[in-house]
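Report on the structure given below.
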Amino acid sequence: MRVRMAPSPTGPLHIGTARTSLYNFLAARHAGGTYVLRVEDTDTARSTVEFERDIIDNLHWLGISWDEGPQVAGGDDIGPHAPYRQSLRLELYASETERLLAAGAAYRCWCTPEELEAVRREQEARREPPRYNQRCLGLPDAERDAFVAEGRRPAIRFHVEPEVVRFDDLVRGEVEFDNSLLGDFVIVRNDGAPLYHFVVVVDDQAMEITHVIRGEDHLSNTPKHIALIRALGYVEPRFGHIPLILNADRSKMSKRKSQVSISAYREEGYLPEAFVNFLAFLGWSPGTEEELFTLDELAQRFEVEKVHKGGAIFDRDRLDHLNGVYIRALSDEQLALRLRSWVPDAVGDEDLVRMVPLVRERLVRLGDVGALIGFAWEPDEVVASWYAPELLHPRNGGPEVARQALERARALLTDVDDADFSAEVLEQLCRAAADEAGVKAGDFFTPIRVAVTGRTVSPPLFASLEMIGRQRSIARIDEALAKLVVEAVS
RNA sequence: GCCCCCAUCGUCUAGAGGCCUAGGACGCCACCCUUUCAAGGUGGAGAUCACCGGUUCGAAUCCGGUUGGGGGCACCA
C-alpha cells in the first residue's frame with residue numbers, strides 16, 4: 001500500500017487537510033505501507049515557502065511523519081520518486097501532455113476567457129449544464145493560423161469521452177457518473193502551467209500510489225481523473241472519499257465560520273496528542289466505546305473501510321474536554337515542560353514545577369496558564385490593578401468584614417515562623433482566626449484571595465500563599481487595605 | 001440549473017435483521033465533595049433511529065420513494 005498526502009501551500013495547514021493527512025498516515029501505518037508527502041505547488045501565484053513551512057511543521061507537530069517527500073520546508077526531498085514538489089516536475093507533465101496530444105486525447109484550445117464566459121452565459125440562459133462547447137476540437141488549420149497570427153496562446157484541453165464511469169469507493173461503495181455531462185477540461189493553462197486534475201493523476205501514477213484517500217469534495221472530480229488515467233494508460237488506484245469536517249451550520253468547514261488553521265490551535269495550547277485523538281474521531285471510530293488513543297493505538301485500529309460517510313461538526317467543547325484529560329495525565333515535570341513557552345523566562349524551571357499542581361486540574365489549554373496563576377509572577381501593583389475594591393467584600397459582609405479579615409491575616413502572616421509558612425499551617429491559623437472573628441471561613445478567605453491573587457476565582461488559597469511567600473503576601477494585603485481606604489473615602 | 005454524496009440524543013459516536021423498552025462520551029441540569037474555581041463522584045433530562053411505503057415471523061439495521069442537508073460543476077487546489 002502506497003498512500004500520499006498532497007497539500008497545496010496556498011495557505012496554512014487546514015484542519016481538513018490535517019485530518020486527511022492523519023487518515024492517510026494511519027492507513028499506511030496500519031497496513032505497513034508507505035506514506036508520501038507531495039507538495040502541490042502548481043499554482044505559483046498563490047504558493048509560498050512560508051505556507052509550506054507551516055504545513056510541514058504542523059504535520060510534524062501532530063506526530064505525523066512520512067517516508068518520502070520533503071522533510072523540512074525548502075529542504076531536500078527524500079525518496080525514489082524525488083522531486084516531490086510539483087513545481088520541480090514540469091518536464092514529466094510536459095511529456096505526458098505530448099503523449100495525450102499525439103494520441104488525440106487532448107487538443108489545443110484558443111478561446112479567450114471572454115469567449116468562454118459568453119458561451120457559459122448562453123448555456124445558463126438555455127438552462128443547460130455549463131460545459132465547454134468543443135469549438136477548438138478539430139479546428140481547421142486556417143482558423144488556428146489566424147489565432148496564432150493574432151498572438152493568442154493556446155491552453156490544452158482533455159477530451160472527455162462520453163461514457164459511464166464506475167468505481168468502487170473505499171468508504172462509499174459503488175459510485176457511478178455519466179461523463180457525457182462533463183465538458184472537456186483544461187489540463188494546461190495557456191501560460192504553460194499544468195493544472196491540478198492533470199498533475200494529480202500523473203504524479204499518483206509516477207509515485208505508484210495505490211490508494212487515494214481524500215476529502216469528499218473530490219468525489220465528483222474522480223470521474224475526470226479516471227478518464228485521464230485511462231487515456232494515459234495508467235493503473236487505476238483505489239479511491240476512498242472521507243467525509244468533510246463541518247462548521248456548526250453543517251457547511252464545509254471554512255475560515256469564514258471557524259478557526260481552521262492548525263497553528264492557531266497550537267498557539268492556544270492544545271496538546272498534539274489530544275488534537276490527533278480528537279481529529280481521528282471526526283469521521284471514524286474503532287467500533288467500541290473506548291475513546292482515548294495514542295497515535296500508535298490509532299494506527300493499530302484504523303481501517304479506511306470503517307470511515308463514516310456523513311460529515312462531522314467540529315465541536316470545541318469536546319476538544320477542550322479531551323485536552324483537559326491529556327493535561328491531567330501529565331506529571332508535574334512533563335506539564336511544566338509543556339508550559340515553559342507560555343510562562344515568562346524569569347520564572348525558574350523549579351518554580352514552574354511547583355506551580356503545576358495548582359493549575360493542572362483547572363487548565364483547559366496550556367495558553368490559559370497566565371490567566372490562572374499569573375499572579376505568581378506578576379508584580380504586586382499589577383495584581384492589585386486587576387480588581388476593584390468592592391471585589392474584596394465577602395459574600396456575607398461588606399468592607400468592614402474585608403478589612404477585619406485582611407488585618408488579621410496580615411498579623412498572622414507576619415507572626416508565623418518561617419518553618420510554619422506552609423499551606424497546612426496557614427489554613428489552620430486562618431480558620432482559627434475566622435472562628436474567633438465569628439466569620440464563616442469562606443467569607444474570611446475571600447478578601448485574602450482577592451488581595452493575593454487579584455481574582456475572586458483562583459487556585460487553592462493557602463497553597464497560593466505558600467507559593468508567593470510571606471513578603472509578597474503581606475505586600476499584597478497592604479495594597480488591598482489601601483484600596484479599602486480609598487473606597488471608603490470616595 | 002445539472003450531477004454526485006449523505007441522514008442514530010444539541011454535538012462526536014456504538015449499532016452490519018432479533019442482544020435496542022437504542023449504549024458511551026461532550027455539553028446541559030441536580031446533588032455530593034469543597035475556602036473560590038476546577039477536577040472527581042452520583043443521578044437526571046435529552047433520539048417516535050428524517051419521513052413514507054415495502055421485504056421479513058421480526059428493521060435503526062435490507063429495498064424503493066419523499067424531504068432535508070452537503071459537495072462538485074474554473075486557464076484554483
Can you pull every protein N or O that's under 3.5 Å from an N or O on nucleotides 4-10 of chain B?
from, atom 1, to, atom 2, distance (Å)
B:C5, O2', A:Arg172, NH1, 2.5
B:C5, O2', A:Glu216, OE2, 3.3

Taking N or O atoms only and anything under 3.5 Å, show me the protein contacts with nucleotides 73-76 of chain B, one pair per line.
from, atom 1, to, atom 2, distance (Å)
B:C75, O2, A:Asn190, N, 3.0
B:C75, O2, A:Asn190, ND2, 3.1
B:C75, N4, A:Cys111, O, 2.5
B:C76, OP1, A:Arg189, NH1, 3.2
B:C76, O2', A:Asp43, OD2, 2.6
B:C76, O2', A:Arg46, NH2, 2.5

Check the interface with nucleotides 40-45 of chain B: list each N/O to N/O pair with the protein under 3.5 Å, or write none.
from, atom 1, to, atom 2, distance (Å)
B:G40, OP1, A:Arg328, NH1, 3.4

Which atoms of nucleotides 31-36 of chain B (N or O only) lie under 3.5 Å from a protein N or O atom, and what are those distances?
from, atom 1, to, atom 2, distance (Å)
B:U35, OP1, A:Arg431, NH2, 2.2
B:U35, O2, A:Arg449, NH2, 2.2
B:U36, O2', A:Thr456, O, 3.4
B:U36, N1, A:Arg449, NH2, 3.4
B:U36, O2, A:Ser458, N, 2.7
B:U36, O2, A:Ser458, O, 2.9
B:U36, N3, A:Arg449, NH1, 3.3
B:U36, N3, A:Ser458, O, 2.6
B:U36, O4, A:Pro460, N, 3.3

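Checked against side chain to side chain contact (heavy atoms under 4.5 Å, CB included), A:Arg153 has the following partners two or more places apart in sequence or in another chain: A:Asn190. Legend: residues meeting ring-ring contact (aromatic ring centres under 6.0 Å, His included) with A:Tyr23, ordered by chain and number and at least two apart, are A:Phe302.
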Protein-proximity profile, nucleotides 59-66 of chain B, B/S/- by nucleotide at the 4.0 Å heavy-atom cutoff, equals --------
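Listed by first then second residue, pairs satisfying side chain to side chain donor-acceptor pair (under 3.5 Å) with a partner in residues 440-454 of chain A read A:Asn396-A:Asp443, A:Arg449-A:Ser458, not counting sequence neighbours. Residue pairs meeting the side chain to side chain donor-acceptor pair (under 3.5 Å) criterion with at least one member in residues 277-289 of chain A, sequence neighbours excluded, are A:Asn277-A:Tyr326, A:Thr288-A:Glu290. Within the structure, salt bridge (charged side-chain N to carboxylate O under 4.0 Å, His left out) contacts touching residues 238-247 of chain A (residues at least two apart or in different chains) are A:Asp168-A:Arg238. Identified under the salt bridge (charged side-chain N to carboxylate O under 4.0 Å, His left out) test for residues 310-322 of chain A, with sequence neighbours left out: A:Glu268-A:Arg316, A:Glu291-A:Arg318, A:Asp320-A:Arg365.
Near RNA chain B, meaning a heavy atom under 4.0 Å away, the residues from residues 271-281 of chain A are A:Phe281.
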